[in-house]
Amino acid sequence: MNAAGGFWRAFDEADPVRQFATVIFIRGGLIAMAVTLLGGILSALYSVPALAPSFQSIGLDLRQLRPIHTAFASAWIFLGGVAVVHRWLQDHGGVATAGDRWRLRIQVASWAFAGSGILVTLAMGIGSGREYVGFHPIFSVFILLGWICFVWNFFRVAGPDFFERPLYLTMWGVGMIFFIVTFVEQHLYLLPSFFGNPVQDLQVQWKATGTLVGSFNLFVYGAVIYIGERISRDPRYGHSRLAYALFSVGLLNSFTNFAHHSYHLPQDHIVKWISFVVSMLEITILCRAVYELWRLVNATDEQAFCAARGSFAASKYWTVFILLSSVLISIPPLNAIIHGTYVVTGHAMGATIGIDTMILLGAIIWILGEHLQAREGELASRVLHTRGVKATVVGLNLGVAALVLWLHVSGLITGVSRAGFSPGETYVPPTWMAAWNGALFAATGVVALAFFVLLLGRLIPVAFRYWWVAPTPPPAGAS
Amino acid sequence: MLGVLVACFAVQTGLVYSDDVDLQLSEQAIEGRRLFHEKACQVCHQLWGQGGFLGPDLTNSASRVDETRLASLLTVGSGQMPALHFDSEQIAAMRAFLEELDRAEIGRGQLRLGDPDEGTSPQAAFERAVVDASAPRDAAAGFESFRSGVCSACHFPFQVSIVGAPDLSTVVERLDETALHEVLTSGRPEKGMPPPVPAFSQSQRRQVIEYFRWLNGQREALRLETVRRQSGATVDWSRLPWWEYR
């Protein structure tokens, strides 16, 4: 326990097995992000009509590329979150037991097998043809197996006095259980009764996918509170009543707001009303949440640029934008106009890149800085906080903001012009927009990709510099 | 507190699972749905708005895509849609699946507020303008072949379509008759255009070329008429729904 009331351990003071676990999941996350970017840019190029025949001639089309992009984007966010949880286990887990080590081995092996298997099979055109879980269901078994090992290792340490611990542990714990429930739900299509009823299948799919997103949000927001606590050295926020209130509303929202994707399905209206009312309640919390996030970020040292802080700071602007967009698209008549347009893509992309990725990048930069400091001395981590990195973080955010903004504008124009068509007609977008869409998506996408590649170019060499973590013995008295 | 939240989750979950809409697919339609997922159609197409945005929403496609066009799309593809090489049984299964989804009582996949009796799209306005312009017999027959075949799925009037298919009102200025016969027979695979399925007969090809010539001569008049008809179309925003689209 330190003077401020927190219990923090420097990176290299922890059990080497736990150090290894943190770094291996950061590596996995960064690889997943690289695959996501590759799948994303190839998908974007395939969308250019003149280029599609060239892709087809080498046996590639969107059926391989898009599932790779979406599956690995989810993997990046989960692995980033898992890495942060393992960093917490470094603080509190003490020396890993033989059981911990076995479960960690199973977790790493099963996820490595699932990840590489998913990549190979999707590239071969073998998958489930579903949204988000587009890979063959056999890999789901390995994902779930690794997840159960992870949950076991976490609760073995965090389980005692779980409800007395900081909020971020509740968030992670709930997110872990929530993931299992929703991941299983996403596979109900394997039951003939669900598969034979597409409307019910779709209802369940939206529910499961919406709440799965809720589960990784719990990881990400837990990560920002934990790393924010570490950076600011102020553990009070994680125990405040307000933090718990925000968590409750956020979780309630995760449980219910998926229904704004299924307003138009023939479904019990009470499901939709619950979703609508909860979504509208969220706006009152929005302002307070943003204020709190702002306060946490600003509590850190502003003297010198810190890339982790810079990434967190970017996420607060994204949080405002995305929550506002979420509230607006939850209003049924507006939802009717924009549903099934690029507004939905822009919203999802803004949330996954602007909020989740920015927070996780901030957390990972901070952890890698610690890792580097432990191996090469105090000044080594400066390589992650240079002006170049600052320019990259700013450029990345501006590139993604331009892309997300255009997706919203394009989707809104599509929604309004499409509404003017008659039932039974195939929608054709206005000529000027079809032309602008391609050019703007390509330009903003390439800019965002370039900054992502620059950032990965900084992080990957650091994450992979030391293949194995130094076997530093844990300090005496570690529990 | 966590208990209350878990209870909320249970209630919402219960409501979703107990809401069993009566849409049990037939055996043939289930086979169509299996193919839909096996071929990952959802990557580009949507059902009730869920899926990719490269291709059109297929929820209500059965009523607007005839059997000939569906067969062509599912065998040789079109533009960015790859060739799937479906056989006749697979086409029939997909047809059954799409037909069983396209039912008024389970709602539409997309919001449409245009006049339900008279089409409001540029395509519909153009087609009405062509019909009213009373083209010569061969050109009119060529237009029918063009419209009922798969051509009009990609080629839109007076614009390069979203899949990059060019405006055909000027095609006779770019290609000579031999080249046009060749394209109407074999397509242009290098540019993503498949051969027409079913294939055009010699006389159909001649009539379609005759239609292109007539269209080129009437281009400006037809363009203005299309714009006039389309600008007169009304959108009834008062029908904006709260929940389902009907």
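Only heavy atoms go into these numbers, but all of them, side chains included; no hydrogens, no water, no symmetry mates. Letters A, B, ... mirror the listed sequences (proteins, then strands); counts begin at 1.
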What closest approach, in Å, do [X] and [Y] show between heavy atoms, and which atom pair accounts for it?
X: A/Gln200; Y: B/Val16; answer: NE2-O, 4.3 Å
X: B/Thr120; Y: A/Gly420; answer: OG1-O, 2.7 Å
X: A/Leu265; Y: B/Trp48; answer: CD2-CG, 3.5 Å
X: B/Gln159; Y: A/Pro429; answer: NE2-O, 4.1 Å
X: B/Tyr245; Y: A/His339; answer: OH-CB, 3.6 Å
X: A/Phe195; Y: B/Arg33; answer: O-NH1, 2.7 Å

Please classify the contact of [X] with chain B as side chain, backbone, both or neither, using a heavy-atom distance under 4.5 Å.
X: A/Leu252; answer: both
X: A/Ala419; answer: both
X: A/Ile337; answer: both
X: A/Thr256; answer: both
X: A/Tyr46; answer: both
X: A/Pro53; answer: side chain
X: A/Phe276; answer: side chain
X: A/Lys207; answer: side chain
X: A/Asp61; answer: side chain
X: A/Thr211; answer: side chain
X: A/Phe178; answer: side chain
X: A/Ser193; answer: backbone
X: A/Val174; answer: side chain

At a heavy-atom separation under 4.5 Å, does [X] approach chain A through its side chain, its backbone, both, or neither?
X: B/Ile30; result: both
X: B/Glu190; result: backbone
X: B/Arg34; result: both
X: B/Phe9; result: both
X: B/Thr13; result: both
X: B/Leu240; result: side chain
X: B/Gln46; result: side chain
X: B/Val235; result: side chain
X: B/Leu47; result: backbone
X: B/Val4; result: neither

Flag yes if more than 12 heavy atoms outside [X] fall under 6.0 Å of its [atom1] atom; otherwise flag no.
X: A/Leu190; atom1: CG; answer: yes
X: B/Lys191; atom1: NZ; answer: no
X: B/Glu67; atom1: CD; answer: no
X: A/Tyr427; atom1: OH; answer: yes

Would you say [X]'s side chain and [Y]'s backbone share a donor-acceptor pair under 3.5 angstrom?
X: B/Gln12; Y: A/Phe255; value: no
X: B/Tyr17; Y: A/Val204; value: no
X: A/Arg63; Y: B/Ala40; value: no
X: B/Arg112; Y: A/Ser422; value: yes
X: A/Glu425; Y: B/Ser121; value: yes

message: Just so I understand: if I count every heavy-atom pair under 4.5 Å between each of B/Glu105, B/Arg239, B/Arg64 and chain A, which residue has the most?
response: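 Sorted descending by pairs with chain A, the first entry is B/Arg64.
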- request: Tell me, out of B/Leu15, B/Leu5, B/Asp115, who's got the most heavy-atom pairs with chain A below 4.5 Å.
  value: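 Looking at each option in turn, the highest pair count goes to B/Leu5.
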With rounding to the nearest 0.5 Å, note down the distance linking [atom1] in [X] to [atom2] in [Y].
X: A/Thr426; Y: B/Phe156; atom1: OG1; atom2: CZ; result: 7.0 Å
X: B/Glu244; Y: A/Ser262; atom1: CD; atom2: OG; result: 10.0 Å
X: A/Arg418; Y: B/Gln110; atom1: CZ; atom2: CD; result: 4.0 Å
X: B/Thr59; Y: A/Leu202; atom1: OG1; atom2: CG; result: 8.5 Å

A/Glu131/B/Gln50 under side-chain hydrogen bond (donor to acceptor under 3.5 Å, both in side chains): CA gap, chis, key distance, verdict: CA-CA 8 Å; A/Glu131 286 290 288; B/Gln50 192 197 46; 5.6 Å; no
task: Specify whether A/His269 and B/Trp243 have parallel, tilted or perpendicular ring planes, treating 30° as the upper limit for parallel and 60° as the lower limit for perpendicular.
output: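 A/His269 vs B/Trp243 ring planes: tilted.
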